[in-house]
Trainee: 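So that we are looking at the same thing, I have put the structure below in structure tokens.
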Amino acid sequence: MRFPPELKRGDTVLLVSPSSPLTEDQPIEKIAEAVEGLGFRVRIGESCRRATPRGYAAAPAAVRAGDINAAFAAPDIRGVWCVRGGSTAWELLPLLDYRLIAAHPKAFIGFSDVTTLHMALQQRCGLVTYHGPTANRTLKWGEDAFSWQSLRAALGMGRCLRIENPPGEAIKGLRPGRARGELAGGNLSLVVQSLGTPEQICARGRILYLEDVGEAVYALERMLNQLLRAGVLEGAAGLVFGDFTGCRNAYREDYGPEGLLRDFFSGWPRPVLYNLRSAHCSPMVTLPLGALCAIDGDSGGMEVFCC
């Protein structure tokens with residue numbers, strides 16, 4: 001896997017909307033102003049200014065993919081920052097120019113529905129990408145310095161970066177042991193959706209990271225079973241679980257995601273971590289997906305390396 005050149009203050013980033021359109025309370029001009037306030041120069045992709053008649057998709061897929069392809073082709077653009085998630089990034093997969101992207105590695109940032117694009121860029125381009133906050137979250141960074149500090153640390157990580165939660169939030173060990181491998185994954189629902197497609201998640205020998213939002217606990221169990229039966233979990237060197245925001249059990253309130261994970265992986269022969277705050281939560285940790293990763297299920301330790 002290749003790291004893109006470091007994205008620094010003064011560099012130009014393109015804001016793109018690869019999934020759903022922006023809402024009225026988060027206009028692209030305000031997001032661009034907030035990103036400029038971090039020290040970047042900003043261009044706004046056409047995908048940020050349009051929406052399809054369906055309502056739940058931003059601009060037509062060709063426009064959204066065109067923004068990403070053009071950003072990787074442009075010599076003066078150093079990063080691509082997705083403005084929000086949503087539900088339609090999968091439409092872009094056959095339209096991306098993977099050869100072009102692989103030839104011009106650049107920082108690519110986002111999470112949630114952007115998981116679909118992370119998987120494609122890692123597997124087809126060998127590119128390290130950043131599972132980090134979408135650009136619309138910069139509107140609230142006056143109250144959340146940690147998320148910016150974590151993103152900045154990941155973008156300029158050097159040879160090694162220790163992954164740490166916000167103060168007062170421990171990364172928990174669910175199963176003991178140590179493991180190393182490339183870091184892969186993202187949103188659980190979208191990782192499962194990749195099964196049977198050309199972009200199917202590859203977790204063999206890797207550290208698989210998973211998180212989700214708004215899913216019932218029984219749905220989480222169903223998706224984990226699907227990954228297990230498909231051989232994805234069995235091949236992983238280790239597992240890391242993020243936050244499961246709003247994932248509840250209507251049948252038994254005291255049995256939530258952590259209880260499910262403890263039961264599901266009881267006796268699991270490889271290390272498992274839980275409660276990494278890199279998900280639909282604030283503050284949020286940024287993860288360089290595709291980087292070499294080491295985890296310790298006894299101490300809850302996690303580090304990533306550039307080689």
Side-chain angles (χ1 to χ4, degrees), residues 85-87 111-116 118-119 131 133 137 144 146-147 163-179 183-195 201 203 206-285 287 289 293 295-302:
S87 58
F111 80 112
S112 193
D113 198 48
V114 183
T115 293
T116 295
H118 285 310
M119 289 188 289
H131 181 271
R137 291 192 163 206
D144 180 12
F146 177 90
S147 294
I163 302 298
E164 296 181 312
N165 269 352
E169 285 280 355
I171 301 175
K172 303 176 183 180
L174 287 185
R175 296 296 304 162
R178 296 181 180 181
L183 184 61
N187 182 266
L188 171 60
S189 299
L190 294 164
V191 168
V192 169
Q193 182 179 296
S194 76
L195 298 178
I201 186 74
R206 294 178 172 178
I207 305 298
L208 180 61
Y209 170 74
L210 299 169
E211 61 85 26
D212 220 316
V213 60
E215 296 286 350
V217 172
Y218 68 79
L220 298 178
E221 184 171 7
R222 181 176 60 214
M223 288 187 281
L224 289 173
N225 269 295
Q226 188 169 355
L227 291 179
L228 182 65
R229 290 175 60 81
V232 174
L233 295 183
E234 186 62 33
L239 303 172
V240 178
F241 291 95
D243 192 56
F244 287 84
T245 306
C247 296
R248 297 184 174 86
N249 183 350
Y251 300 91
R252 181 180 162 185
E253 285 292 334
D254 64 339
Y255 189 84
E258 183 171 353
L260 167 65
L261 294 174
R262 288 189 181 279
D263 286 348
F264 195 94
F265 293 103
S266 63
W268 191 254
R270 292 178 289 281
V272 181
L273 300 184
Y274 174 67
N275 197 45
L276 176 59
R277 306 293 289 178
S278 179
H280 292 76
C281 55
S282 182
M284 178 183 179
V285 177
L287 300 173
L289 296 174
C293 177
I295 63 171
D296 186 333
D298 297 287
S299 68
M302 182 175 181

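The first residue of the sequence shown is numbered 1, and numbering continues consecutively from there.
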Trainee: Knowing that exactly one of Ile163, Ile171, Leu174 qualifies, which makes a side-chain contact (heavy atoms from CB on, under 4.5 Å) with Leu273?
Mentor: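 Option passing the side-chain contact (heavy atoms from CB on, under 4.5 Å) with Leu273: Ile171.
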
Trainee: Please identify each residue that fulfils side-chain contact (heavy atoms from CB on, under 4.5 Å) with Ala237, with sequence neighbours left out.
Mentor: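 Testing Ala237 for side-chain contact (heavy atoms from CB on, under 4.5 Å), a comparison that skips the adjacent residues, returns Ala179, Ile207.
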
Trainee: Please list all pairs meeting salt bridge (charged side-chain N to carboxylate O under 4.0 Å, His left out) that have one or both residues in residues 255-264, counting only residues at least two apart or in different chains.
Mentor: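 Counting only pairs at least two positions apart or across chains, the salt bridge (charged side-chain N to carboxylate O under 4.0 Å, His left out) contacts touching residues 255-264 are Lys172-Glu258, Glu258-Arg262.
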
Trainee: If you look only at pairs with a residue in residues 216-243, which of them pass as a ring pair (Phe, Tyr, Trp, His ring centres under 6.0 Å), with sequence neighbours excluded?
Mentor: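 Those involving residues 216-243 are Phe241-Phe265.
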
Trainee: Please list, chain by chain and in numerical order, all residues satisfying side chain to side chain donor-acceptor pair (under 3.5 Å) with Thr116, sequence neighbours excluded.
Mentor: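 Not a single residue meets the side chain to side chain donor-acceptor pair (under 3.5 Å) criterion with Thr116.
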
Trainee: Would you check if the side chain of Arg277 reaches a backbone N or O of Pro283 as a donor-acceptor pair within less than 3.5 Å?
Mentor: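 No, Arg277 side chain to Pro283 backbone: no donor-acceptor pair under 3.5 Å.
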
Trainee: Between the side chain of Arg206 and the main-chain N/O of Ala184, is any donor-acceptor distance below 3.5 Å?
Mentor: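 Pair absent, no side-chain N/O of Arg206 close to backbone of Ala184.
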
Trainee: Could you walk me through whether Trp268 and Leu233 satisfy the side chain to side chain contact (heavy atoms under 4.5 Å, CB included) test, starting with their C-alpha distance in whole Å, then the side-chain angles of each, then the deciding distance to 0.1 Å, before giving a yes or no?
Mentor: CA-CA 10 Å; Trp268 191 254; Leu233 295 183; 4.0 Å; yes

Trainee: Between side-chain atoms of residues 244-254 and protein atoms elsewhere (two or more places apart, or another chain), which donor-acceptor pairs fall under 3.5 Å?
Mentor:
from	atom 1	to	atom 2	distance (Å)
Thr245	OG1	Asp243	OD2	2.5
Thr245	OG1	His280	O	2.6
Asn249	OD1	Tyr251	N	2.9
Asn249	OD1	Arg252	N	3.2
Asn249	ND2	Arg252	O	3.3
Asn249	ND2	Tyr255	O	3.2
Arg252	NE	Asp254	OD1	2.7

Trainee: Is there any side chain to side chain donor-acceptor pair (under 3.5 Å) pair reaching into residues 223-240, and which pairs are they, with sequence neighbours excluded?
Mentor: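 Output for this query is empty, none listed.
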
Trainee: Not counting sequence neighbours, which residues clear side-chain contact (heavy atoms from CB on, under 4.5 Å) with Ala230? List them please.
Mentor: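 Residues passing side-chain contact (heavy atoms from CB on, under 4.5 Å) with Ala230: Leu195, Val232.
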
Trainee: Hey, what do you get for NE2 (His118) to CD1 (Ile201), rounding to the nearest 0.5 Å?
Mentor: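 The distance works out to 11.0 Å.
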
Trainee: Partners of Asp296 by side-chain contact (heavy atoms from CB on, under 4.5 Å), sequence neighbours excluded?
Mentor: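 Partners of Asp296 under the side-chain contact (heavy atoms from CB on, under 4.5 Å) test: Arg178, Asp298, Ser299.
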
Trainee: Not counting sequence neighbours, which residues clear side-chain contact (heavy atoms from CB on, under 4.5 Å) with Ser189? List them please.
Mentor: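 Ser189 satisfies side-chain contact (heavy atoms from CB on, under 4.5 Å) with Asn187, Asp212, Glu215, Met223 once adjacent residues are dropped.
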
Trainee: Do Val191 and Met119 have side chains that get closer than 4.5 Å, going by heavy atoms?
Mentor: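 The answer is yes; the side chains approach within 4.5 Å.
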
Trainee: What is the minimum heavy-atom distance between Pro271 and Gly177, and which atoms define it?
Mentor: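 Where Pro271 meets Gly177 most closely, the heavy atoms are CB-O, 3.3 Å.
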
Trainee: Please name all residues satisfying salt bridge (Lys or Arg N to Asp or Glu O under 4.0 Å) with Glu164, sequence neighbours left out, ordered by chain then number.
Mentor: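 Result, salt bridge (Lys or Arg N to Asp or Glu O under 4.0 Å) vs Glu164: Arg162.
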
Trainee: Indicate the atoms forming the closest heavy-atom contact of Ser147 with Met284, along with that distance.
Mentor: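 Taking every non-hydrogen atom into account, OG-N, 2.9 Å.
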
Trainee: Please find the pair of heavy atoms, one from Val217 and one from Leu260, that lie closest to each other, and give the distance.
Mentor: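 Val217 and Leu260 have their closest heavy atoms at O-CD2, 3.7 Å.
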
Trainee: For the CG atom of Leu188 and the OG1 atom of Thr115, what is their distance to the nearest 0.5 Å?
Mentor: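 Answer for the CG-OG1 pair, Leu188 versus Thr115, is 10.0 Å.
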
Trainee: Is the shortest side-chain heavy-atom distance between Leu239 and Tyr274 below 4.5 Å?
Mentor: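 The answer is no, as the side chains (C-beta and beyond) never meet within the 4.5 Å cut-off.
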
Trainee: Answer whether the closest heavy-atom distance between the side chains of Leu261 and Val272 falls below 4.5 Å.
Mentor: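 A side-chain contact under 4.5 Å is absent here.
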
Trainee: Can you check whether Arg137 reaches Phe111 side chain to side chain, under 4.5 Å on heavy atoms?
Mentor: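 Of all side-chain heavy-atom pairs linking Phe111 with Arg137, at least one is under 4.5 Å.
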
Trainee: Return the set of residues passing side chain to side chain donor-acceptor pair (under 3.5 Å) with Arg222 (not counting sequence neighbours), or none when no residue passes.
Mentor: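 With neighbours one apart ignored, the set is empty.
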
Trainee: Does a side-chain heavy-atom distance below 4.5 Å link Leu287 with Met302?
Mentor: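 Answer yes - side chains close enough.
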
